[in-house]
Visitor: 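Would you mind keeping the following structure in view while I ask a few things?
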Protein chains: 2
Amino acid sequence: MNRGKGNVSGGGGGGDRAGGRGGVNLPALRGYNEALLLDLLRSAGAPGLGRAELAARTGLTPQAVSKITARLAAEGLVAEAGRGASTGGKPRTLLRLVPQARHGVGVHLDRDRIRAVRVDLAGGVVDEWSGPLDFGAGPDLVVEAVLAAVVRVRARGAAAPPVGVGVAAPGPLDWRSGVLGPVTGFPGWAGFPLREVLETRLGLPVALDKDTNAAVAAAGGPGGTGSCVYLHVGTGLGAGLRLDGVVYRGARSAAGEFGHQVLRLDGPPCRCGGRGCLEVLCLDAVARGDLAGAARLLGEGAANLVALLDVDRVLLGGRVVAAEPCVFVEGVRAVLEARALTGEPPPVGLAVAGVAEGAAALALGPLFGHG
Amino acid sequence: MNRGKGNVSGGGGGGDRAGGRGGVNLPALRGYNEALLLDLLRSAGAPGLGRAELAARTGLTPQAVSKITARLAAEGLVAEAGRGASTGGKPRTLLRLVPQARHGVGVHLDRDRIRAVRVDLAGGVVDEWSGPLDFGAGPDLVVEAVLAAVVRVRARGAAAPPVGVGVAAPGPLDWRSGVLGPVTGFPGWAGFPLREVLETRLGLPVALDKDTNAAVAAAGGPGGTGSCVYLHVGTGLGAGLRLDGVVYRGARSAAGEFGHQVLRLDGPPCRCGGRGCLEVLCLDAVARGDLAGAARLLGEGAANLVALLDVDRVLLGGRVVAAEPCVFVEGVRAVLEARALTGEPPPVGLAVAGVAEGAAALALGPLFGHG
DNA sequence: CCACTTTGGCAACAGCGTTGCGTAAGTGCA
DNA sequence: TGCACTTACGCAACGCTGTTGCCAAAGTGG
């Protein structure tokens with residue numbers, strides 16, 4: 001292992017990922033530093049960064065940065081982009097990411113639709129396609145649908161193949177093994193090794209994750225280091241957690257069960273067996289047409305979560321939210337404001353990027369050292 | 001930076017810790033791999049591990065492991081410990097950690113007591129001392145008390161100084177800067193740079209953290225990789241989170257506010273301004289003498305948390321729990337059992353190691369690459 | 001016009017894990 | 001008892017990493 005030679009994605013640590021951390025050898029170190037610089041350049045965005053600035057941020061010497069960026073430039077991932085203002089000496093020659101150098105594909109499997117996007121390294125959508133889907137039709141048909149969707153957005157001709165394909169599916173699923181669980185309403189999926197099947201059929205690395213996790217991966221934007229939660233209100237309630245910049249999935253990939261927190265002991269019974277779960281209360285309010293009330297309830301749940309995890313930002317999404325975005329954003333914000341323990345509550349916003357974009361971001365993750 | 005030469009603690013990544021990740025150079029790589037092997041040997045415990053086994057677990061070559069362990073042996077951190085059983089060839093010569101090679105000191109500042117321990121590398125308590133403390137007497141007196149406590153447990157004579165000193169204090173406090181916040185009941189502490197002051201006075205690295213974080217760091221035991229929560233019931237309610245093996249502190253070091261989750265909308269008012277917080281409900285039950293009811297309420301809050309974070313293990317501690325441990329463990333366990341969404345609920349136990357031991361573990365963290 | 005600052009490349013270097021190969025020390029079978 | 005085989009592990013040479021020393025380029029400011 002750790003024979004990564006010439007490929008940027010070779011970094012990350014090596015070793016078996018079962019259990020503890022792996023050892024680091026020189027190819028892994030090289031890959032890590034390359035990914036680190038790529039990540040910094042991606043975060044920096046348009047104007048670009050000078051080599052000296054990269055050196056200061058990473059703690060590497062300017063000479064090392066020059067060597068590494070030269071390798072990245074040789075691979076076409078990085079290019080010079082004019083000069084910056086002088087600070088009393090020679091002006092820095094700016095470097096920027098070349099977004100078109102590589103691509104990633106993301107696929108969102110919803111219960112009744114499929115959407116696929118192809119994104120460049122900057123996260124911009126280059127191509128997209130969506131169509132109907134019957135998730136309940138079972139693995140075989142859905143696999144074919146995914147393959148067809150990937151073909152539709154995949155670059156044709158001589159262009160390089162995508163770095164990887166990210167697939168976002170309804171939970172529960174085991175992220176480590178890539179195997180689906182008993183999806184609510186579609187128990188027939190339980191135990192299907194979707195990631196493995198897709199990797200074989202596509203011949204590409206596949207990242208399979210829950211839709212909420214994909215959403216929060218995209219929502220965070222590139223290179224985010226803070227903590228952020230995505231709250232989804234649709235058929236059910238779910239949460240995606242990005243803690244200290246990385247998606248948190250929990251010991252058994254089951255983290256994010258946000259809807260079954262009890263908000264009202266002795267409240268109405270929930271399908272989970274409990275009573276007074278946020279999901280029951282919130283969806284009941286939605287069914288009654290009381291969106292403001294639903295938003296307040298969602299806010300209470302969000303406030304519990306904000307207090308526990310001290311997050312930077314709260315993002316909302318899902319079909320119910322999309323119907324009346326402002327009502328939900330304002331309702332949640334008001335509750336967070338009222339329940340803030342100290343200081344400012346975290347800002348509340350709408351998840352702008354889609355789930356498919358998030359899945360693509362997960363597929364590109366290893367390139368930037370987030371895999 | 002990154003000039004670590006000959007010192008094991010030099011690893012970890014280097015670079016400024018503000019913002020993103022740092023770059024890795026050769027000294028940092030060396031330190032990382034040394035810490036990794038030390039961590040594996042610590043986790044392995046008594047019988048020891050062979051070099052070949054270390055190589056298999058890390059992904060490094062056997063030759064690299066031999067070189068690294070030779071360096072560690074030269075520093076006295078590792079020693080050979082007999083031979084293992086043969087598996088068809090030459091039997092492996094076992095290596096084990098030398099617990100006495102280094103020490104760490106942990107100090108627990110409670111509201112009315114101070115306790116200090118000295119632990120060896122295996123986490124075993126070598127020396128301990130405790131005495132009364134008036135945390136409200138203010139920073140100056142408490143700093144003197146800490147210094148005195150460290151002197152009492154510190155190894156005398158020619159022994160090497162401790163690797164570091166960990167201090168656990170009531171929150172809120174800012175872990176990154178080492179500055180205390182407005183501690184509940186003792187607002188005079190707000191803004192006091194305890195870590196900096198102690199580092200100057202002691203001449204040793206100091207790790208300052210919330211008591212709940214220290215508790216969960218110890219509770220996890222050495223080298224844990226799963227997710228674990230520690231729930232504290234004392235004057236208030238608090239939680240320490242260890243997610244994927246590392247202590248999670250949140251964006252502003254405020255994570256773990258477990259007591260102010262709303263369990264009963266329109267319940268009794270709480271000092272935080274909300275209504276029906278777990279803390280109010282639970283402590284009211286305690287005040288009424290209804291410990292079983294308090295345990296059930298704690299269980300409901302724990303179940304919310306378990307569902308959200310998918311933790312492996314739940315640990316209980318604090319004076320209220322200590323009064324009737326079995327009632328709380330059984331009560332929480334019963335609720336988790338009833339509210340388990342799928343599969344087995346995580347086991348519930350008592351936090352056996354103390355907070356001071358956890359503080360010491362935080363001080364030893366950098367040695368094992370957990371800093 | 002010149003001193004100064006800052007950027008960034010070339011070449012030699014120290015140090016990391018890796019490769020190739022030899023030796024030590026067991027097991028298993030005839 | 002003898003021999004083939006397996007496994008563990010060290011020595012020496014090596015390739016590749018980031019680092020250091022030095023120098024050219026390209027600005028600013030008096």
Side-chain angles (χ1 to χ4, degrees), chain A residues 1-6 10-11 13-15 22-37 48-56 58-74 78 80-95, chain B residues 1-6 10-11 13-15 22-37 48-56 58-74 78 80-95:
Chain A
M1 55 191 70
N2 291 335
R3 304 282 159 71
K5 193 154 184 111
V24 179
N25 51 18
L26 288 171
L29 178 145
R30 167 190 169 128
Y32 174 84
N33 283 340
E34 287 178 348
L36 179 64
L37 290 189
L49 260 57
R51 291 176 176 82
E53 198 164 353
L54 288 170
T58 57
L60 297 171
T61 59
Q63 198 51 242
V65 171
S66 281
K67 279 192 178 180
I68 296 167
T69 54
R71 291 199 303 258
L72 293 174
V78 156
E80 299 199 341
R83 321 192 121 179
S86 166
T87 58
K90 176 176 173 178
R92 49 192 55 172
T93 51
L94 298 174
L95 296 172
Chain B
M1 56 192 69
N2 290 335
R3 304 282 159 73
K5 191 147 186 122
V24 180
N25 52 19
L26 288 170
L29 178 145
R30 167 190 168 129
Y32 174 83
N33 283 339
E34 286 179 349
L36 178 63
L37 291 189
L49 259 58
R51 291 177 178 81
E53 197 164 354
L54 288 170
T58 56
L60 296 171
T61 59
Q63 199 50 242
V65 171
S66 281
K67 279 193 178 182
I68 296 167
T69 54
R71 291 200 302 256
L72 293 175
V78 157
E80 300 200 341
R83 319 190 122 180
S86 166
T87 59
K90 174 176 173 178
R92 49 192 54 171
T93 48
L94 297 175
L95 297 172

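Since this is a predicted model, take the numbers as computed values, not measurements.
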Visitor: Looking at B:Thr93, does any N or O in its side chain come under 4.0 Å of the phosphate oxygens OP1/OP2 on D:dA8?
Guide: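 For B:Thr93, the contact criterion (side-chain N or O under 4.0 Å from OP1 or OP2 of D:dA8) is not met.
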Visitor: Could you state the CD-P distance from B:Glu53 to D:dA8, rounded to the nearest angstrom?
Guide: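 Atom CD in B:Glu53 sits about 9 Å away from atom P in D:dA8.
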Visitor: Looking only at the side chain of B:Arg71 (C-beta and beyond, no hydrogens), which of the listed nucleotides D:dG10, C:dT7, C:dC16 gets closest?
Guide: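 When the side chain of B:Arg71 is considered, C:dC16 is the closest of D:dG10, C:dT7, C:dC16.
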Visitor: Please list, chain by chain and in numerical order, all residues satisfying side-chain hydrogen bond (donor to acceptor under 3.5 Å, both in side chains) with A:Arg83, sequence neighbours excluded.
Guide: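 Result, side-chain hydrogen bond (donor to acceptor under 3.5 Å, both in side chains) vs A:Arg83: none returned.
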Visitor: Assign each of A:Thr69 and A:Lys90 to its nearest nucleotide of DNA chain C by heavy atoms, then name whichever residue's nucleotide is nearer the 5' end.
Guide: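 It is A:Lys90 whose nearest nucleotide is closer to the 5' end.
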Visitor: Let me know the distance between CD of B:Glu34 and C1' of C:dG17, rounded to the nearest Å.
Guide: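 After rounding, the reported distance stands at 13 Å.
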Visitor: Please report the closest heavy-atom contact between B:Val24 and A:Asn33, naming both atoms and the distance.
Guide: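 Closest pair (atom of B:Val24, atom of A:Asn33, distance): O-ND2, 2.8 Å.
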Visitor: Can you check whether any acceptor in the base of C:dG8 is under 3.5 Å from a donor in the side chain of A:Gln63, or vice versa?
Guide: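 Checked by distance alone, the answer is no.
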Visitor: How many whole angstroms separate atom OH of A:Tyr32 from atom C1' of C:dG17?
Guide: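 Checked: the OH to C1' distance equals 19 Å.
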Visitor: So B:Pro91, base contact, sugar-phosphate only, or nothing? Heavy-atom distance under 4.0 Å.
Guide: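 Contact class for B:Pro91: sugar-phosphate only.
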Visitor: Would you kindly give the CG-to-P distance between B:Leu60 and C:dT19, to the nearest whole Å?
Guide: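 Those two atoms, CG and P, are 12 Å apart.
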Visitor: Just how far is it from atom CZ of A:Arg30 to atom CG of B:Leu29, taken to the nearest 0.5 Å?
Guide: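 Going from the CZ atom of A:Arg30 to the CG atom of B:Leu29 covers 14.5 Å.
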Visitor: For B:Ile68 and D:dC9, give me the distance from atom CD1 to atom C1', rounded to whole Å.
Guide: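 Nearest whole value for this atom pair: 15 Å.
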Visitor: D:dC9, C:dT18, C:dG8: which one has an atom nearest the side-chain heavy atoms of B:Arg51?
Guide: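 The answer is D:dC9, which lies nearest to the side chain.
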Visitor: Rounded at 0.5 Å granularity, tell me how far CG in B:Leu72 sits from CD in B:Glu34.
Guide: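 Atom-to-atom, B:Leu72:CG and B:Glu34:CD are 5.0 Å apart.
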Visitor: What's the spacing between A:Leu37 CG and A:Leu54 CG if we round to 0.5 Å?
Guide: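 Separation between the atoms: 5.5 Å.
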Visitor: Which whole-number value in Å describes the distance from A:Leu72 CG to D:dG18 P?
Guide: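 Distance check: A:Leu72 CG to D:dG18 P gives 11 Å.
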Visitor: Considering just the side-chain nitrogens and oxygens of B:Arg83, establish if one lies under 4.0 Å of OP1 or OP2 belonging to D:dA8.
Guide: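 Indeed not, no polar side-chain atom of B:Arg83 lies that close.
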Visitor: Counting side-chain heavy atoms from C-beta on, which of C:dG8, C:dC16, C:dA24 comes nearest to A:Ala52?
Guide: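 From the listed options, C:dG8 comes nearest.
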Visitor: Across the strands shown, which category fits A:Leu26 at heavy-atom distances under 4.0 angstrom: base, sugar-phosphate, nothing?
Guide: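 Base: the residue A:Leu26, judged by heavy atoms under 4.0 Å, touches a nucleobase.
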Visitor: Can you tell me if A:Ser66 touches the phosphate of C:dG8, counting only side-chain N or O atoms and a distance under 4.0 Å to OP1 or OP2?
Guide: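 The answer is no; no side-chain N or O of A:Ser66 sits under 4.0 Å from OP1 or OP2.
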Visitor: Please confirm whether the shortest side-chain N or O distance from A:Thr61 to OP1 or OP2 of D:dT19 is below 4.0 Å.
Guide: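 For D:dT19, OP1 or OP2 has a side-chain N or O of A:Thr61 closer than 4.0 Å.
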Visitor: Please table the atom pairs, donor to acceptor, closer than 3.5 Å between any side-chain atom in residues 60-70 of chain B and protein atoms at least two apart or in another chain.
Guide:
unit_1: B:Thr61; atom_1: OG1; unit_2: B:Ala64; atom_2: N; d: 3.2
unit_1: B:Ser66; atom_1: OG; unit_2: B:Pro62; atom_2: O; d: 3.4
unit_1: B:Thr69; atom_1: OG1; unit_2: B:Val65; atom_2: O; d: 2.8
unit_1: B:Thr69; atom_1: OG1; unit_2: B:Ser66; atom_2: O; d: 3.1

Visitor: What is the distance from CG of A:Leu54 to P of C:dT6, rounded to the nearest Å?
Guide: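 Those two atoms, CG and P, are 18 Å apart.
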Visitor: Nearest nucleotide by nearest heavy atom, which residue falls closer to the 5' end of DNA chain D, A:Ala64 or B:Arg92?
Guide: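 The residue mapped nearer the 5' terminus is B:Arg92.
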Visitor: Can you check whether B:Asn25 has a side-chain N or O nearer than 4.0 Å to OP1 or OP2 of D:dT17?
Guide: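 So the side-chain polar atoms of B:Asn25 never come under 4.0 Å of the phosphate oxygens OP1 or OP2 of D:dT17.
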Visitor: Using whole Å, what does the distance between atom P of nucleotide C:dT6 and atom CG of A:Leu94 come to?
Guide: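 After rounding, the reported distance stands at 17 Å.
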Visitor: Within the pair B:Arg30 and D:dT17, is there a side-chain N or O less than 4.0 Å away from OP1 or OP2?
Guide: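 It does not, given that no N or O in the side chain of B:Arg30 lies less than 4.0 Å from OP1 or OP2 of D:dT17.
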Visitor: Quick one: is C:dC16 close enough that its OP1 or OP2 comes under 4.0 Å of any side-chain N or O from B:Asn33?
Guide: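 Looking at the OP1 and OP2 atoms of C:dC16, neither is under 4.0 Å from any side-chain N or O of B:Asn33.
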Visitor: For a quick check, tell me whether the side chain of A:Lys67 and the base of D:dT19 share a donor-acceptor pair closer than 3.5 Å.
Guide: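 It does, because a donor-acceptor pair links the side chain of A:Lys67 to the base of D:dT19 below 3.5 Å.
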